[in-house]
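Worksheet: one structure, shown below.
Values below: all heavy atoms of this structure, side chains included; hydrogens, waters and symmetry mates excluded.
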Amino acid sequence: MALPHASMLTRRCLRLLTPQPVLLSSLPGWDCRQPTGERAAKRRRKKDREGCSLPASSWEERLADAVTPLWRLPYQEQLQVKYESLREVLQTLTSHLLELGGAVQDPSGLCCPLQPVVPSPTINGYRNKSTFSVNRGPDGNPKTVGLYVGTGRARNIVCVRTDHMKNTPLQHKQVAQCYEQFIRRSLLGSCILFHEGGHWRELVVRTSQHGHTMAIVTFHPQQLDQEALAAQKALLREFFTCGPGAECALTSLYFQESTMTRCSHEHSPFQLLHGEPHIFEDVLDLRFRISPDAFFQVNTSGAEVLYRVVRELSQAAGDTVLLDVCCGTGTIGLSLARHVSKVIGVEIVQKAIEDARWNAAFNGISNCEFHSGKAEAVIPALLSSWEDARPLVAVVNPSRAGIHHRVVKAIRSCRAIRRLLYISCKPEGEAMRNFLDPLFSRLSPPSSQPGSKGVVVLQHHCFV
């Protein structure tokens with residue numbers, strides 16, 4: 001069988017592999033396009049091929065359809081649509097498992113039970129992080145700040161403002177509007193295609209329930225010298241501290257010079273132009289420090305629901321060691337730390353690890369250790385030499401790209417792991433590969449131990 005011992009929690013909530021109740025949780029988060037059938041996809045592609053001569057209301061609707069495709073439905077109907085989409089994911093997984101010699105374990109004909117969707121406490125304005133692009137708007141202005149409609153392949157990208165988007169907080173929209181005002185005043189152009197020149201690029205806005213607002217501006221330096229760069233940074237700082245952008249009341253303003261599509265702090269440091277280096281958020285009575293590029297669930301109230309579910313499904317006891325893979329700022333591990341013997345977190349982003357260590361110290365938690373590095377390098381080395389007799393529970397919370405095959409192999413081969421939770425925002429994508437890759441299906445499962453059970457949970461995002 002492909003997954004005789006593994007389990008999984010994803011940022012879409014559903015649970016697989018065990019003959020126990022399955023969890024399906026709808027927590028607003030990354031807004032990915034909802035699969036709605038080939039006819040709907042063809043209609044979307046046809047719209048994307050159309051020209052740019054649409055009224056503003058039509059562009060707003062197209063953006064809402066692309067980013068939050070269920071926004072026209074009442075929330076309860078959205079939950080039902082998501083439930084059915086996750087049933088399709090389970091049907092696909094079941095078919096693959098049967099091809100690999102598995103067996104159907106649930107009377108429903110699926111490989112596991114599927115529970116009703118768990119609604120999010122917040123369905124509007126829930127995002128604590130928004131990434132805004134800079135490109136040509138419906139009117140052709142190349143200095144429009146918003147989100148994309150269309151595709152690069154079809155060469156019909158249009159950048160549409162997010163003023164009407166229900167999932168975006170007013171504070172994020174305000175910062176985006178001010179940034180657009182700033183770059184339209186600037187003598188420098190927007191950077192749409194690197195080789196065509198231009199400088200002003202995307203804007204990231206992060207906020208917290210404490211009223212903190214962090215803005216991160218990405219800038220392509222092209223051939224500018226240090227003096228010219230310093231002048232642009234000064235103008236940006238002045239605009240948001242003394243000029244029209246002061247109304248945003250930014251608590252942190254960062255500037256990053258980048259010649260790549262995506263650039264980490266290690267490749268090009270985030271430069272603090274104004275305010276504090278971090279924002280802070282509270283989750284489950286714990287205080288968390290967040291750096292510019294550290295991962296944090298985009299729906300704070302939804303994250304609290306998720307972490308309670310993780311605690312319940314982990315069945316962690318006082319003697320348990322919790323392995324938190326792709327731990328980010330340590331939110332999952334720290335939220336369970338008081339219920340387990342020890343927490344070991346692994347994360348590739350160095351700044352996030354620094355945040356996790358600070359978070360542990362600030363909250364008075366001393367039974368945690370956090371390691372910086374690629375999971376495929378750290379986890380195999382850690383588990384191959386594992387000699388601790390205490391029961392081990394693993395939580396895997398990767399990006400949409402899933403986890404490296406070396407991590408999968410190391411986890412499957414570790415006899416000490418009694419329970420595994422896999423969190424994924426896209427279970428039908430790379431997460432499915434993690435479960436079904438033929439390479440892993442040939443691996444022998446760990447020896448069964450008393451009480452040993454596999455778990456899979458998929459957390460399904462909400463579309464509003």
Side-chain angles (χ1 to χ4, degrees), residues 8-16 21-45 47 57-93 108 110 113-131 147-149 160 162-170 172-173 297-309 400 423-429 431-432 456-464:
M8 126 190 191
L9 226 200
T10 98
R11 280 168 229 121
R12 293 180 168 194
C13 247
L14 173 175
R15 187 176 163 194
L16 312 168
V22 171
L23 173 72
L24 192 172
S25 162
S26 174
L27 306 176
W30 290 354
D31 304 301
C32 37
R33 192 182 294 255
Q34 175 77 10
T36 55
E38 181 59 25
R39 289 186 178 179
K42 287 182 177 179
R43 286 196 297 270
R44 287 196 299 269
R45 289 194 291 269
K47 285 184 178 181
S57 59
S58 296
W59 284 111
E60 291 175 352
E61 288 186 1
R62 287 182 64 183
L63 179 62
D65 287 341
V67 178
T68 54
L70 302 185
W71 68 277
R72 301 172 190 272
L73 300 178
Y75 188 55
Q76 290 303 314
E77 291 185 29
Q78 293 183 34
L79 302 186
Q80 185 60 35
V81 171
K82 289 193 286 280
Y83 180 87
E84 293 303 326
S85 71
L86 283 174
R87 177 178 290 277
E88 292 179 6
V89 173
L90 270 181
Q91 289 171 338
T92 300
L93 180 59
S108 66
L110 300 174
L114 178 62
Q115 285 185 352
V117 177
V118 178
S120 168
T122 307
I123 60 174
N124 290 321
Y126 60 79
R127 295 191 66 89
N128 56 43
K129 179 182 179 182
S130 296
T131 301
L147 302 178
Y148 285 167
V149 171
V160 182
T162 61
D163 304 350
H164 60 291
M165 295 299 297
K166 294 182 179 181
N167 65 340
T168 307
L170 292 175
H172 294 205
K173 298 173 183 178
Q297 290 284 353
V298 297
N299 177 354
T300 302
S301 60
E304 291 188 327
V305 175
L306 173 63
Y307 299 156
R308 290 191 184 100
V309 169
R400 296 188 185 191
I423 306 174
S424 168
C425 64
K426 193 174 182 181
E428 73 278 11
M432 187 75 76
V456 177
V457 180
L458 308 179
Q459 176 193 341
H460 190 35
H461 287 315
C462 163
F463 302 89
V464 295

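A donor and an acceptor atom, one from each side chain of Asp65 and Trp71, are located under 3.5 Å apart. The closest side-chain donor-acceptor pair between Ser301 and Asn299 falls under 3.5 angstrom.
A donor-acceptor pair under 3.5 Å is absent between the side-chain atoms of Lys426 and the main chain of Arg400, judged by distance alone. For the pair Lys82 (side chain) and Glu77 (backbone), a donor-acceptor distance under 3.5 Å is absent. In this structure, the side chain of Tyr75 engages the main chain of Ser120 through a donor-acceptor pair within 3.5 Å. A side-chain donor-acceptor contact under 3.5 Å links Asn128 to the backbone of Gln297.
Distance check: Thr168 OG1 to Lys129 NZ gives 14.0 Å after rounding to the nearest 0.5 Å. Thr122 contributes atom OG1, which lies 13.5 Å from atom CZ of Arg127 (distance to the nearest 0.5 angstrom). Between Leu90 atom CG and Glu428 atom CD the span is 11.5 Å, to the nearest 0.5 Å.
Of all non-hydrogen atoms in Leu93 and Met432, the two that sit nearest each other are CD1-SD, 3.6 Å. Closest approach of Lys173 and Met165 over heavy atoms only: NZ-O, 2.8 Å. Scanning both residues, Ala66 and Pro69, for their nearest heavy atoms gives O-CD, 4.2 Å. Annotation for Pro169 and Gly125: closest pair CG-O, 3.5 Å, computed over non-hydrogen atoms. Here the shortest heavy-atom pairing between Glu60 and His164 reads O-NE2, 2.7 Å.
Taking Gln80 as the reference, Glu84 meet the side-chain hydrogen bond (donor to acceptor under 3.5 Å, both in side chains) condition, with sequence neighbours excluded. Qualifying side-chain contact (heavy atoms from CB on, under 4.5 Å) partners for Leu147, counting only residues two or more places apart in sequence or in other chains: Leu63, Val67, Thr162.
With a 4.5 Å cut-off on side-chain heavy atoms, Leu86 and Pro427 count as touching.
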- prompt: Between Leu73 and Val81, is a side chain to side chain contact (heavy atoms under 4.5 Å, CB included) present by the stated rule, with each step listed?
  reply: CA-CA 10 Å; Leu73 300 178; Val81 171; 3.9 Å; yes
